[in-house]
Amino acid sequence: MAQAMRQFADMLSAPQGSGPVNWDMAKNIARHAVVADGDPSVMEGERRQIVDALNLADLWLNEATALPSGVSNPQAWSRSEWIENTVPVWRQLCEPIAERMVETMGGALGGAGLPSEAQQMAGPLMGMMKQMGGMMVGQQIGQALGSLAREVIGTTDIGLPLSDRAALLPGGIASFSDGLELPADEIRLYLALREAAHHRLFQHVPWLRSSLLGAVEEYAKGITVDTSALEEQIRELDINNPEALQEALSGGGALLKPEETERQKAALARLETLLALVEGWVATVVDDAAEGKLPSVNALSETVRRRRATGGPAELTFGTLVGLELRPRRLREAAALWDALKDGRGVDGRDGVWGHPDLMPTAEDLDDPEAFVRGEAAWDISQLDQKPESDD
C-alpha cells in the first residue's frame with residue numbers, strides 16, 4: 001500500500017507539459033528495483049581498477065585504430081548511477097511509444113463509450129485519466145530499466161550510445177564473470193576495451209549517433225497499441241486494489257504491435273545492418289588491440305559474441321521499452337568485412353569508411369566483402385570530417 005501511495009503522489013507531482021511519462025517516478029521505480037537486490041556504492045578500490053582499465057584500454061586502441069580517443073573522463077558507476085545517467089537517452093527512445101499508449105489509456109480509462117457532450121463535461125477527469133495512464137506507462141518503463149540495470153556492464157551493451165561518457169559497472173562485470181574461469185583483471189580489461197572502442201566511434205563519427213537513434217525512432221513511429229487488449233485489461237482493473245497498478249501492464253510488451261509498413265521494414269533493416277557494422281568493427285579492433293597482450297582474448301571474444309548474437313533478457317527488456325529487440329544478427333559477416341578492409345586498405349582505409357554514411361557497406365556488401373573492398377576507392381582518414389567529392 002505504501003508503494004502504491006508513493007507512486008500516486010509521484011503521479012500528482014508531475015509538472016504540466018512534462019510529456020506523456022513521469023520520468024522522476026520511472027527513475028524511482030528503477031532505483032527501488034535495483035536496490036531491492038542490493039546495489040552497493042562503488043568503492044574507491046573498484047573505481048580505481050575500472051578507471052585504470054579504461055585508460056589502459058584506450059592506450060592499447062591507439063595501436064589498432066586510426067580513430068582518436070573517445071575516453072576523456074572514465075567512470076565507475078553503481079546500477080543506480082547507470083539509471084540516472086542514461087535516462088535522457090531512454091526518454092528520447094521511449095516517448096514516441098509512451099505517448100501512443102498514454103493517449104490510448106486516456107480514452108479507455110476516461111472516455112470510452114461516452115457521448116461527446118459527456119466527454120466535454122468530463123474534461124478535467126479525462127486529464128486525470130491521462131495522468132494515470134502516464135503513471136502506468138512510467139511504471140512499466142521503470143521496471144524495465146531496473147531489470148536492464150541489473151544486467152548491463154557499461155554504457156554500450158545494447159549497441160546504442162546511452163551516455164557520452166565511458167563507464168563500467170563493477171556489479172555488471174561481476175555478473176558477466178560468473179562462471180568464467182579466467183583472471184578477473186583480464187575480463188575487466190577486455191570489457192574496458194569494448195567500452196572504449198564503442199566510444200571512439202560514437203565520439204568521432206558525427207553521423208553515427210543520430211543514425212542509430214533515428215532508426216529506432218523511425219521504427220517506433222510504426223508501432224501501434226493493441227487497443228482492444230488494453231481496454232480489456234483496464235475493464236478488469238480494480239482501482240480499489242493497491243496491487244492493481246503494479247500488475248496492469250505486466251504484459252505491456254504484448255500490447256505493442258508493429259504495423260510492418262515498408263517504411264518500418266526499411267528502418268529495421270537499416271538499424272540491424274548498422275548495429276552489425278558497429279559491433280563487427282568493435283570486435284575486430286578489440287581483438288587486434290588485445291592480441292599478444294591478453295591470453296584469454298579468444299575465449300572472451302567468443303563469450304561476448306554469443307551473448308550479443310543470441311540475445312538475452314536485456315534485449316527482451318529493450319523490446320518492452322521501444323517495441324523491438326536490438327540484435328546484430330550478422331555480426332560475424334560484419335567482422336569479416338572489416339578484416340577484409342584492413343587487409344586491402346590498411347587501418348586508415350578501413351576506418352576512413354566511417355567518414356560518411358554513403359561510404360558505409362550495405363546489407364548486400366556483407367554477403368561479399370571482397371567485392372566491397374575491390375569496388376571502392378581507398379578513403380583517406382584525413383578526410384573524416386569532409387564530404388566526399390563527386391566523381392564528375
Side-chain angles (χ1 to χ4, degrees), residues 42 45-65 67 69-77 79 82 150-163 165-203 275-312 314-315 326-328 331-332 334-336 338-339 342 347 351:
V42 178
E46 293 175 318
R47 188 194 70 80
R48 177 48 54 193
Q49 285 179 333
I50 286 176
V51 169
D52 288 347
L54 284 167
N55 283 329
L56 180 57
D58 204 42
L59 190 63
W60 285 5
L61 287 171
N62 288 336
E63 303 173 9
T65 173
L67 293 178
S69 170
V71 177
S72 58
N73 184 22
Q75 305 276 311
W77 290 343
R79 293 184 170 100
W82 180 90
R150 291 194 289 267
E151 304 170 29
V152 294
I153 298 166
T155 67
T156 58
D157 295 48
I158 61 173
L160 298 178
L162 297 179
S163 172
R165 288 177 292 175
L168 293 175
L169 284 66
I173 295 174
S175 297
F176 176 87
S177 304
D178 189 30
L180 295 179
E181 297 180 358
L182 297 171
D185 57 341
E186 290 192 31
I187 296 174
R188 186 187 310 111
L189 189 48
Y190 183 83
L191 297 174
L193 280 165
R194 288 185 51 80
E195 178 80 0
H198 275 99
H199 278 273
R200 291 203 177 210
L201 279 180
F202 296 144
Q203 296 291 336
L275 279 173
L277 290 170
V278 168
E279 291 296 314
W281 183 89
V282 166
T284 300
V285 169
V286 165
D287 287 352
D288 287 349
E291 186 177 3
K293 301 183 182 77
L294 284 182
S296 56
V297 60
N298 291 333
L300 287 165
S301 179
E302 186 58 31
T303 299
V304 170
R305 188 179 290 113
R306 231 183 265 123
R307 173 187 170 114
R308 289 294 284 130
T310 59
E315 282 77 12
L326 283 183
R327 192 176 302 170
L331 175 56
R332 290 185 186 274
W338 292 119
D339 279 333
K342 179 188 172 186
V347 170
D351 295 347

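For clarity, every value in this text was computed on a predicted model and none was experimentally measured.
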Legend entry - Candidate pair I187 and L180, rule side chain to side chain contact (heavy atoms under 4.5 Å, CB included), full reasoning: CA-CA 9 Å; I187 296 174; L180 295 179; 4.3 Å; yes

Inset, instruction - May I have the step-by-step check of side chain to side chain contact (heavy atoms under 4.5 Å, CB included) for E151 and S175, ending in yes or no? - result: CA-CA 7 Å; E151 304 170 29; S175 297; over 6 Å; no

Legend entry - Nearest atoms (heavy-atom pairs only) where V285 meets A64: O-CB, 3.7 Å

Inset, instruction - Only pairs at least two apart or in different chains count here, so list each salt bridge (charged side-chain N to carboxylate O under 4.0 Å, His left out) that has a residue in residues 287-304. - result: E63-K293, D288-K342, D288-R350, E302-R305, E302-R306, E302-R332

Inset, instruction - Mark yes or no for whether E186, through its side chain, and S296, through its backbone, hold a donor-acceptor pair below 3.5 Å. - result: yes

Inset, instruction - Taking all non-hydrogen atoms of both residues into account, name the closest pair between V282 and A197 and its distance. - result: CG1-CB, 4.1 Å

Inset, instruction - Rounded to the nearest 0.5 Å, what's the gap from OG on S177 to CG on L191? Could you check? - result: 7.0 Å

Legend entry - Closest approach of A276 to A334 (non-hydrogen atoms, all atoms of both residues): O-CB, 3.1 Å

Legend entry - Side chain Q75, main chain N73, donor-acceptor under 3.5 Å: yes

Inset, instruction - Please report the shortest heavy-atom distance between N55 and P74, naming the atom on each side. - result: OD1-CG, 3.6 Å

Legend entry - Listed partners of D52 passing salt bridge (Lys or Arg N to Asp or Glu O under 4.0 Å), at least two apart: R48

Legend entry - Donor-acceptor under 3.5 Å (R79 side chain, G171 main chain): yes

Inset, instruction - Taking R200 for its side chain and L67 for its backbone only, find out whether a donor-acceptor pair lies under 3.5 Å. - result: yes

Legend entry - Closest non-hydrogen atom pair between R188 and I173, with its separation: CG-CD1, 4.1 Å

Inset, instruction - Mind listing the closest non-hydrogen atom pair of W82 and W77 along with its distance? - result: CA-CE3, 3.8 Å

Inset, instruction - Let me know which of T156, D58, T155 forms a side-chain hydrogen bond (donor to acceptor under 3.5 Å, both in side chains) with H199. - result: T155

Legend entry - Gap between atom CH2 of W338 and atom CG of L277 - 0.5 Å precision: 5.5 Å

Inset, instruction - Please confirm whether the backbone N or O of G280 pairs with a side-chain atom of T284, one donor and one acceptor, at under 3.5 Å? - result: yes

Inset, instruction - Could you grab the distance from atom CD of Q49 to atom CG of L168, nearest 0.5 Å is fine? - result: 11.5 Å

Inset, instruction - Could I get the full list of salt bridge (Lys or Arg N to Asp or Glu O under 4.0 Å) partners for E181, not counting sequence neighbours? - result: none

Legend entry - Atom pair CG (D351) and CG (L201), whose distance is rounded to the nearest 0.5 Å: 8.0 Å

Inset, instruction - Measure the CG-CG distance between L160 and L275 for me, rounded to the nearest 0.5 Å. - result: 6.0 Å

Inset, instruction - Go through the steps to decide whether W60 and V286 satisfy the test side chain to side chain contact (heavy atoms under 4.5 Å, CB included), and finish with yes or no. - result: CA-CA 9 Å; W60 285 5; V286 165; over 6 Å; no

Inset, instruction - Decide yes or no on side chain to side chain contact (heavy atoms under 4.5 Å, CB included) for L294 and L193, but give the supporting numbers first. - result: CA-CA 11 Å; L294 284 182; L193 280 165; 4.1 Å; yes

Legend entry - Heavy-atom side-chain proximity of L169 to I153 below 4.5 angstrom: no

Inset, instruction - Please answer whether the main-chain N or O of V71 pairs with a side-chain N or O of Q203 as donor and acceptor at a distance below 3.5 Å. - result: no

